[in-house]
Amino acid sequence: MLVYPSSIDLSSRTLRCLAGHLTARRGEVGTRWRRLTTGRQALLALAHLRCGDTYAQLAAGFGIGIATAYRYIREAVEVLAALAPTLAEAMRVARTKAFVILDGTLLPIDRIAADTPYYSGKHKRHGMNIQVLTDPFGGLLWASPALPGSTHDLTAARTHGIVEARAAADLKCWADKAYQGAGRPVRVPFRGRRLKRWQRRHNSTHAKIRCLGERAMATLKGWRLLRKLRCSTNRITAIIQAVLVLHHASA
């Protein structure tokens with residue numbers, strides 16, 4: 001296999017942050033020697049998460065076996081996932097904001113037609129449902145655990161406890177039509193084709209506010225691994241949490 005140098009569009013602060021957590025992890029487990037230093041292991045994990053490089057490509061580039069590359073990346077993801085903020089912690093931060101924006105997205109996965117729980121009728125593809133909370137400027141505050149793609153956004157929000165947490169925090173929230181029925185503080189646009197003029201103006205203003213939440217979706221999709229996940233669905237939640245931690249570390 002031919003090997004060539006490449007680059008990752010992340011800051012060195014992100015690399016140092018992950019390397020520091022890996023160093024602490026090795027101290028906890030009492031590791032004496034490994035093929036890669038913590039800095040190189042951190043770079044390996046970032047290349048996988050940010051660029052979506054396969055284990056075979058990374059193994060060749062770092063001069064290690066494929067199984068070793070898999071173990072190193074999985075360890076880094078688990079270390080980061082343990083640092084991810086909970087919904088309660090995200091709500092404490094959200095209380096300092098004027099309001100939050102709630103939206104859902106589908107992360108594509110490689111599944112066949114028989115895997116019906118993962119098939120989204122809305123997007124016409126297999127994937128995992130992710131709920132995202134952002135600040136008024138579209139900054140990513142929190143990302144939920146992954147649910148099968150067939151899950152409705154409102155059902156997912158209730159499953160994760162987002163609706164109850166928002167109500168307990170008395171926090172205003174903007175969301176799209178999929179969240180109708182979530183409660184009065186969740187502001188959604190009017191539905192229907194024959195809307196009155198003031199309702200259309202309301203929907204237009206609502207869309208201008210809610211569209212800022214798309215920045216968070218772009219932030220997630222900037223990590224190319226999330227554009228097409230080919231791993232076990234049981235690992236997707238940990239990957240999302242790892243990406244969230246790295247995003248906050250680089251902000």
Side-chain angles (χ1 to χ4, degrees), residues 8-10 14 45-55 57-58 70 73-74 76-87 90 100-134 138-162 175-179 210-251:
I8 306 174
D9 55 340
L10 292 172
T14 309
L46 292 177
H48 178 67
L49 294 172
R50 187 68 176 181
C51 304
D53 294 338
T54 64
Y55 297 124
Q57 292 171 325
L58 293 170
Y70 173 82
I73 292 172
R74 181 160 187 169
V77 168
E78 291 175 351
V79 168
L80 290 170
L83 302 171
T86 63
L87 179 58
V100 294
I101 301 172
L102 172 62
D103 201 358
T105 188
L106 187 82
L107 299 181
I109 60 175
D110 59 339
R111 287 297 182 271
I112 60 175
D115 296 319
T116 52
Y118 300 100
Y119 185 78
S120 170
K122 175 182 177 181
H123 298 87
K124 308 300 182 185
R125 64 191 309 176
H126 292 80
M128 300 295 287
N129 181 294
I130 303 297
Q131 299 297 301
V132 173
L133 286 174
T134 73
L140 182 59
L141 295 177
W142 180 78
S144 73
L147 291 177
S150 60
T151 308
H152 191 274
D153 282 338
L154 179 56
T155 302
R158 287 172 172 166
T159 300
H160 299 308
I162 300 174
D176 59 23
K177 298 177 182 178
Y179 297 91
R210 189 175 53 81
C211 71
L212 297 175
E214 295 298 329
R215 295 181 182 178
M217 302 306 177
T219 297
L220 286 177
K221 299 300 175 64
W223 298 80
R224 298 177 202 33
L225 183 67
L226 299 182
R227 298 178 186 178
K228 183 69 173 181
L229 289 158
R230 296 178 173 83
C231 61
S232 169
T233 55
N234 295 327
R235 294 189 56 214
I236 293 178
T237 294
I239 292 174
I240 294 168
Q241 292 173 336
V243 167
L244 180 63
V245 172
L246 289 173
H247 167 69
H248 288 164
S250 61

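Hydrogens, waters and symmetry mates are skipped; everything else that's a heavy atom, side chains included, is used.
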message: Under the rule for side-chain contact (heavy atoms from CB on, under 4.5 Å), what residues qualify as partners of Val245, not counting sequence neighbours?
response: Leu80, Leu83, Ala84

query: Side-chain contact, heavy-atom cut-off 4.5 Å: His160 with Leu147?
result: yes

task: Could you tell me which residues satisfy side-chain hydrogen bond (donor to acceptor under 3.5 Å, both in side chains) with His123, sequence neighbours excluded, listed by chain and number?
output: Ser120

query: Of the non-hydrogen atoms in Pro85 and Leu141, which two are nearest, and what is the gap between them?
result: CG-O, 4.4 Å

message: Is it the case that the side chain of His152 and the backbone of Leu154 share a donor-acceptor pair, with hydrogens and angles ignored and the cut-off at 3.5 Å?
response: yes

- request: State which residues pass side-chain contact (heavy atoms from CB on, under 4.5 Å) with Arg224; sequence neighbours excluded, sorted by chain then number.
  value: Asp9, Arg50, Arg227

field: Closest heavy-atom pair and its distance - Tyr70, Arg235
entry: CE1-NH1, 3.8 Å

message: As an exercise, state the distance from CG of Asp53 to CG of Leu225, rounded to the nearest 0.5 Å.
response: 9.5 Å

statement: Heavy atoms of Leu106 and Gly149 approach each other most closely as CD1-CA, 3.6 Å

- request: Look only at the side chain of Ser250 and the backbone of Leu246, and say whether a donor-acceptor pair between them is shorter than 3.5 Å.
  value: yes

task: To the nearest 0.5 Å, tell me how far Ile109 CD1 sits from Leu226 CG.
output: 12.5 Å

query: Hey, what do you get for CG (Leu220) to CG (Leu244), rounding to the nearest 0.5 Å?
result: 8.0 Å

field: Rounded distance [0.5 Å steps], CG in Leu10 versus CG in Leu46
entry: 6.0 Å

message: So, using side-chain hydrogen bond (donor to acceptor under 3.5 Å, both in side chains) as the criterion, who are the partners of Thr14 when residues are at least two apart?
response: Ser11

message: Could you tell me if the side chain of Trp223 sits less than 4.5 Å from the side chain of Ile240, heavy atoms only?
response: no

Sidechain-backbone polar pair: Asn129 side chain, Thr151 backbone, donor-acceptor under 3.5 Å: yes

query: Just wondering, do Tyr118 and Pro148 contact through their side chains at under 4.5 Å, heavy atoms?
result: yes

Donor-acceptor under 3.5 Å (Ser144 side chain, Gln131 main chain): yes

message: Could you check whether any side-chain heavy atom of Asp103 comes within less than 4.5 Å of a side-chain heavy atom of Thr134, counting everything from C-beta outward?
response: no

- prompt: Looking at Trp142 and Ile162, what are the two nearest heavy atoms and their distance?
  reply: CZ3-CD1, 3.6 Å

statement: What one should report as the nearest heavy-atom pair of Gly213 and Ile101 is N-CD1, 3.8 Å

field: Non-neighbouring partners of Glu78 that pass side-chain hydrogen bond (donor to acceptor under 3.5 Å, both in side chains), sequence neighbours left out
entry: Arg74

field: Heavy-atom pair of closest approach, residues Gly138 and Arg215
entry: O-CB, 3.8 Å

task: Quick one: pull up CG in Asp153 and NZ in Lys177 and give me the separation to the nearest 0.5 Å.
output: 14.0 Å

- prompt: Where does the angle between the aromatic ring planes of His48 and Tyr55 fall among parallel (under 30°), tilted (30 to 60°) and perpendicular (over 60°)?
  reply: parallel

message: To the nearest 0.5 Å, what is the distance between CE on Met128 and CD1 on Ile239?
response: 10.5 Å

message: Can you list everything that forms a side-chain hydrogen bond (donor to acceptor under 3.5 Å, both in side chains) with Thr54? Sequence neighbours excluded, please.
response: Gln57

